[in-house]
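Taking it in order: structure first as structure tokens, then the write-up.
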Amino acid sequence: MKQQSHITYETFPDWEALSPEERQLLQEALTAAGKAYAPYSGFAVGACVRLEDGTLVRGNNQENASYPQGLCAERVALFAASAIHPGKRITGIALVAPASPTPLSPCGGCRQVLLEYEQRQQSPIPVLMGSVNGPVLRVAQAADLLPFCFSKENLTADAPERQ
Ligand code: THU
């Protein structure tokens, strides 16, 4: 049986079309990108998480000579937010890469991490994917970025015994 799934997303021609809070979040992400440590790819990325009390937590990509040990901007920001402000709900995240003329799309690993925080807090995390002075894409919830996700529900007690 064939089935279909669709996601809802919004596009904006530029930052002007966004709310002041959203513009601020993107601006913070852009500022964070300016402090990225990306000597190997040369591709700086910035992210900024907003928490329920208005706290902003910035992150940027952190690369390493042992390439796989580096981490994306989104996860740096999300892990920092959760580590420093445990239990505070995330009310939004913005990402941007100065070198990208199109909205920055988070990688699969970051989508997985983002989705787990969304499921954990049981409220949606809107994601703003920005470009500098250019188009912006917005999804209302992280779940829209990762259909058929793997989650803790897959780790049930009925699952075959793990080593
Ligand atoms: N990167 C991010 O930080 N976020 C993304 O959404 C995509 C990719 C980083 C990882 C690496 O440091 C560089 O961009 C090139 O892939």
Side-chain angles (χ1 to χ4, degrees), residues 5-15 17-19 21-51 55-86 88-121 123-151:
S5 154
H6 61 268
I7 63 156
T8 303
Y9 63 95
E10 290 170 276
T11 57
F12 304 89
D14 52 45
W15 294 21
L18 303 170
S19 71
E21 290 76 21
E22 289 175 316
R23 280 202 294 275
Q24 182 194 22
L25 207 56
L26 270 175
Q27 182 55 53
E28 291 287 332
L30 186 57
T31 302
K35 297 182 172 119
Y37 178 59
Y40 304 104
S41 72
F43 189 75
V45 182
C48 188
V49 167
R50 176 178 277 118
L51 302 176
T55 304
L56 300 177
V57 183
R58 292 179 193 165
N60 43 37
N61 48 336
Q62 298 294 318
E63 297 186 348
N64 191 276
S66 176
Y67 293 178
Q69 311 316 323
L71 199 60
C72 294
E74 296 92 319
R75 271 177 283 173
V76 169
L78 288 165
F79 289 155
S82 183
I84 301 166
H85 305 280
K88 282 191 195 166
R89 255 182 342 110
I90 297 169
T91 57
I93 183 169
L95 21 144
V96 67
S100 173
T102 54
L104 183 75
S105 195
C107 80
C110 289
R111 293 174 194 218
Q112 177 75 26
V113 168
L114 185 57
L115 185 59
E116 178 139 344
Y117 286 121
E118 179 171 276
Q119 292 175 339
R120 184 180 175 202
Q121 69 180 29
S123 65
I125 302 176
V127 185
L128 272 178
M129 294 161 266
S131 61
V132 182
N133 297 323
V136 177
L137 235 153
R138 182 175 72 199
V139 293
Q141 52 176 7
D144 285 332
L145 292 174
L146 198 60
F148 302 105
C149 65
F150 179 82
S151 72

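Counting begins at 1 with the first residue of the sequence. For ligands, and for the atoms within them, numbers begin at 1 and follow the listed sequence. Keep in mind the model is a prediction, meaning the values are calculated, not measured.
- No side-chain donor from either of Thr31 and Glu28 sits under 3.5 Å from a side-chain acceptor of the other.
- Put simply, atom 16 (O) of ligand 1 has no protein non-hydrogen atoms near it, under 4.0 Å away.
- Shown in contact with Ser41 at under 4.0 Å from a heavy atom are these atoms of ligand 1, numbered in order with element: 13 (C), 15 (C).
- Looking from atom 8 (C) of ligand 1 to the surrounding protein, the closest heavy atom is Cys72 SG, 4.1 Å.
- At a cut-off of 3.5 Å, with distance as the only test, no side-chain donor of Asn64 or Gln62 sits close to an acceptor on the other residue.
- Residue, atom and distance of the protein heavy atom nearest to atom 11 (C) of ligand 1 are Glu63 OE2, 3.3 Å.
- A side-chain donor-acceptor contact under 3.5 Å links Ser105 and Arg111.
- Protein heavy atom closest to atom 9 (C) of ligand 1, with residue, atom name and distance, is Asn61 ND2, 3.5 Å.
- Near Phe43, the atoms of ligand 1 lying under 4.0 angstrom from a non-hydrogen atom of the residue are 13 (C), 14 (O).
- For the side-chain contact (heavy atoms from CB on, under 4.5 Å) test with Arg75, the passing option among Leu114, Val113, Asn61 is Val113; the others fail.
- Using a 4.0 Å cutoff on heavy atoms, Gly70 does not count as a contact of ligand 1.
- Inspection of the Glu63 and Ser41 side chains reveals an N or O donor paired with an N or O acceptor under 3.5 Å.
- Protein heavy atom closest to atom 4 (N) of ligand 1, with residue, atom name and distance, is Glu74 OE1, 2.8 Å.
- For atom 3 (O) of ligand 1, the closest non-hydrogen atom of the protein is Ala73 N, 2.9 Å.
- Contact annotation for Cys107 and ligand 1: only backbone heavy atoms (N, CA, C, O) come within less than 4.0 Å of the ligand.
- For Ser66 (side chain) and Gln69 (main-chain N/O), no donor-acceptor pair under 3.5 Å exists by modelled atom type.
- Residue contacts with ligand 1 for Ser105 involve N, CA, C or O but no side-chain atom from C-beta outward (heavy atoms, distance under 4.0 Å).
- The line from SG of Cys72 to CG of Leu95 is 10.0 Å long, rounded to the nearest 0.5 Å.
- The shortest non-hydrogen separation linking Ala47 to Ala77 is CB-CB, 4.1 Å.
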